[in-house]
Amino acid sequence: MAPSDNLALEKEDHARDAAFMKALHGKSTEATGGFSAILAKNKEAQKLAVDEYFKHFDNKRAETETAADREMRTKEYATLTRHYYNLATDLYEYGWGQSFHFCRYSIGEPFYQAIARHEHYLAMKIGIQAGMKVLDVGCGVGGPAREIAKFTDAHITGLNNNDYQIERATRYAAKEGLSNQLKFVKGDFMQMSFPDESFDAVYAIEATVHAPKLVGVYSEIYRVLKPGGVFGVYEWLMTDNYDNNNLEHRDIRLAIEEGNGISNMVTISEGLQAMKDAGFELLHHEDLAKRPDPIPWYWGIAGETKYMQSYWDLFTVLRMTHAGRRAVHVFTGLLETVGLAPKGTKKTADSLAKGADGLVAGAKKDLFTPMYLMVGRKPAN
């Protein structure tokens, strides 16, 4: 499943990315999120982002997918991911919140409390302490960074390749009075600009799956981590039950990749090997989706309202039911038709829904996990 070992990294162009962010998003960085931000997009720039992203997936079906198709996605991994989040960030915030990840649930635990507990658990397993310099690899709009900063009193630097998300993360941090404890930096996590041994600890929450090769991003994390420091990750991986020769399995994997901006998802065994090849001493690894929880991690995207733990959860889960997704499909299509929303909004929403269906199918068939926990230490000098 992995691309060739001589993978070339994309050349970074921060000035180009900043100019495109300004053209596409304009003042929508100041919007509260969701549909209010979507309506503020530049329609021509949105079309370019849609075309650049979906060229990797349109007419690419599991039956006919080739190694060359996957190779092309991995070659343009950074552009693919950047445009995915140009298109999906507002829909994520509207449908899920500001922490773009899944979590485990307990009975009586509201949705956002469970999200925060998942973040706290990773910080605890890593051993993040007050005053540490910590790197968040692939920080989104900064929801986990803000939560972990408040939970641990550490200083968090968020690394992100999407200018729009950096703008929003910076704004949210200032709004919560955390500007002195949080910093957000533009960059490709396959080629970080930080000096060697810059951070006391590093974490990544469902973000490094966007790497073209896991060993590449894990090796960069190893480089910027101080000797004796710990890296913890919740990784998206196909389980070792995945069979790439099985058409149904490939169809599920491809749906997950298209709906989530992923160029090359691999198996658990490959993920573990990548940690070892990067040089980490594995302290702990476990598929947290295998814990005997009374509520499945995927209940929200499956729209299974029977698992709601509070009335407030209804506002989140209703959007993910089949009826809710249909309503979003019709509403975004209507907004496009009357010219209020840019072309491609409905296509993006439909792709996210397709990805969600793939995630649920992958979970129910034990082919996928979004929370394979790996904790590794960089040996001390």
Side-chain angles (χ1 to χ4, degrees), residues 1 34 38 49-50 52-62 65 69-70 73-74 77 79-97 99-103 138 140-141 162 165 205-211 234-239 242 247-266 289 296-304 316-329 332-333 344-372:
M1 290 179 62
I38 290 170
V50 168
E52 278 296 304
Y53 180 71
F54 284 103
K55 74 179 183 182
H56 293 288
F57 296 103
D58 283 346
N59 303 313
K60 303 287 198 311
R61 293 163 36 202
E65 184 191 42
D69 292 332
R70 304 201 77 196
R73 294 203 296 270
T74 59
Y77 68 95
T79 298
L80 183 149
T81 302
R82 187 169 57 252
H83 281 309
Y84 172 76
Y85 283 111
N86 277 330
L87 298 171
T89 294
D90 298 318
L91 290 166
Y92 270 36
E93 287 199 50
Y94 166 75
W96 196 256
S99 289
F100 299 166
H101 63 79
F102 296 109
C103 66
V141 296
N162 183 277
Q165 290 192 344
I205 299 179
E206 302 184 22
T208 45
V209 66
H210 294 295
Y234 289 136
E235 193 60 83
W236 278 33
L237 294 167
M238 304 306 290
T239 71
Y242 175 82
L247 178 59
E248 182 187 24
H249 290 193
R250 286 206 313 276
D251 192 55
I252 289 171
R253 189 256 303 152
L254 189 58
I256 294 171
E257 289 177 337
E258 176 187 334
N260 294 279
I262 299 166
S263 65
N264 181 56
M265 191 156 54
V266 299
W297 66 262
Y298 55 81
W299 79 272
I301 56 170
E304 296 182 355
T316 296
V317 73
L318 267 183
R319 299 164 184 157
M320 300 306 296
T321 62
H322 288 293
R325 290 188 206 169
R326 180 64 184 167
V328 171
H329 172 87
T332 52
T345 303
K346 178 166 70 70
K347 186 174 186 177
T348 302
D350 290 347
S351 180
L352 292 179
K354 178 180 178 180
D357 288 340
L359 293 169
V360 173
K364 290 186 174 181
K365 293 180 180 295
D366 192 22
L367 298 174
F368 168 79
T369 176
M371 53 184 71
Y372 198 87

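Only heavy atoms go into these numbers, but all of them, side chains included; no hydrogens, no water, no symmetry mates. Position 1 is the first residue of the sequence, and the numbers go up from there. Every value quoted in this text rests on a predicted model; they were computed, and no experiment measured them.
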Participant: Do V141 and Y92 pass the side-chain contact (heavy atoms from CB on, under 4.5 Å) test, and can you show the C-alpha distance, the side-chain angles, and the key distance before you say yes or no?
Facilitator: CA-CA 10 Å; V141 296; Y92 270 36; over 6 Å; no
Participant: Are side-chain heavy atoms of F54 and L87 found at a separation under 4.5 Å?
Facilitator: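 Side-chain contact under 4.5 Å: yes.
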Participant: Drop me the distance from E65's CD to D251's CG, to the nearest 0.5 angstrom.
Facilitator: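 If I round to the nearest 0.5 Å, the distance is 10.0 Å.
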Participant: Rounded to the nearest 0.5 Å, how far apart are CG of D58 and CZ of R61?
Facilitator: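 Reported to 0.5 Å precision, the distance equals 13.0 Å.
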Participant: Where do A211 and S263 come nearest, in terms of heavy atoms and distance?
Facilitator: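 Reported closest heavy-atom pair: O-OG, 4.0 Å.
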Participant: Within the 4.5 Å heavy-atom criterion, are D350 and K347 side-chain neighbours or not?
Facilitator: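 No - every pair of side-chain heavy atoms lies 4.5 Å or more apart.
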Participant: Taking the side chain as everything from C-beta on, heavy atoms only, tell me whether W297 gets closer than 4.5 Å to T369.
Facilitator: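 When only atoms from C-beta onward are counted, T369 and W297 do not touch, as no gap falls below 4.5 Å.
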Participant: Can any side-chain N or O of T345 pair as donor or acceptor with the backbone N or O of T332 at less than 3.5 Å?
Facilitator: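 Side chain of T345 to backbone of T332: no pair is present.
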Participant: For E206, which residues count as a salt bridge (charged side-chain N to carboxylate O under 4.0 Å, His left out) partner, sequence neighbours excluded?
Facilitator: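 With neighbours one apart ignored, the set is empty.
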Participant: Rounded to the nearest 0.5 Å, how far does CG of L237 lie from OG1 of T208?
Facilitator: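 So the gap between those two atoms works out to 8.5 Å.
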Participant: Please round to the nearest 0.5 Å and tell me the distance separating atom CG of N264 and atom OG1 of T74.
Facilitator: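 Going from CG on N264 over to OG1 on T74, the span is 6.0 Å.
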Participant: To the nearest 0.5 Å, how far apart are CG in D69 and CZ in F57?
Facilitator: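 One finds 10.0 Å between CG of D69 and CZ of F57.
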Participant: Take a 6.0 Å sphere around CG of N59 and say whether it holds more than 12 heavy atoms from other residues, nucleotides or ligands.
Facilitator: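 No, CG of N59 has 12 or fewer neighbouring heavy atoms, counting only those of other groups under 6.0 Å.
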Participant: Identify the two heavy atoms, one from A207 and one from G138, that lie closest to each other, and give their separation to 0.1 Å.
Facilitator: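 Smallest interatomic distance, heavy atoms only, reads CB-O, 3.5 Å.
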Participant: Sequence neighbours left out, what passes side-chain hydrogen bond (donor to acceptor under 3.5 Å, both in side chains) with Y234? Give chain and number order.
Facilitator: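 With neighbours one apart ignored, the set is empty.
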Participant: For Y53, what residues pass the side-chain hydrogen bond (donor to acceptor under 3.5 Å, both in side chains) criterion, not counting sequence neighbours?
Facilitator: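 By the side-chain hydrogen bond (donor to acceptor under 3.5 Å, both in side chains) rule, Y53 matches no residue at all.
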Participant: Contact between W96 and I301 at the side-chain level, heavy atoms closer than 4.5 Å - yes or no?
Facilitator: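 Contact flag for W96/I301 side chains = yes.
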Participant: Any donor-acceptor pair under 3.5 Å linking the side chain of E258 with the backbone of G355?
Facilitator: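 No, the answer is negative, given that no donor and acceptor are paired below the 3.5 Å cut-off.
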Participant: If you define the side chain from C-beta out and look only at heavy atoms, does anything of V360 sit under 4.5 Å from K364?
Facilitator: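 Yes - at least one pair of side-chain heavy atoms lies under 4.5 Å apart.
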Participant: So, do I252 and F368 sit near enough that their side-chain heavy atoms are less than 4.5 Å apart?
Facilitator: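 Side-chain contact under 4.5 Å: no.
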Participant: Is the distance between the ring centroids of Y85 and H210 under 6.0 Å?
Facilitator: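 For Y85 and H210, the ring centres are under 6.0 Å apart.
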Participant: List the residues meeting side-chain hydrogen bond (donor to acceptor under 3.5 Å, both in side chains) with H101, not counting sequence neighbours, and say none if there are none.
Facilitator: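 So H101 forms a side-chain hydrogen bond (donor to acceptor under 3.5 Å, both in side chains) with E119.
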Participant: What distance separates L359 CG from L367 CG, expressed to the nearest 0.5 Å?
Facilitator: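 Those atoms lie 12.0 Å apart.
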Participant: Check whether any side-chain heavy atom of I205 sits under 4.5 Å from a side-chain heavy atom of F100, and report yes or no.
Facilitator: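 They are not in contact (no side-chain heavy atoms under 4.5 Å apart), so the answer is no.
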Participant: Among all residues two or more places apart in sequence or in another chain, which pass the side-chain hydrogen bond (donor to acceptor under 3.5 Å, both in side chains) test with T79?
Facilitator: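 Testing T79 for side-chain hydrogen bond (donor to acceptor under 3.5 Å, both in side chains), a comparison that skips the adjacent residues, returns E10, R82.
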Participant: Please report the closest heavy-atom contact between E235 and V209, naming both atoms and the distance.
Facilitator: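 Smallest heavy-atom distance, with atoms named: OE2-N, 3.1 Å.
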Participant: Within the structure provided, determine whether N260 and Y84 are in side-chain contact (heavy-atom separation under 4.5 Å).
Facilitator: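 Side chain of N260 against side chain of Y84, heavy atoms only: contact under 4.5 Å found.
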Participant: List the residues meeting salt bridge (charged side-chain N to carboxylate O under 4.0 Å, His left out) with E248, not counting sequence neighbours, and say none if there are none.
Facilitator: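 By the salt bridge (charged side-chain N to carboxylate O under 4.0 Å, His left out) rule, E248 matches K365.
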Participant: Any ion pair linking K60 and E257 (charged N to carboxylate O, less than 4.0 Å)?
Facilitator: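 Answer for the salt bridge query: no.
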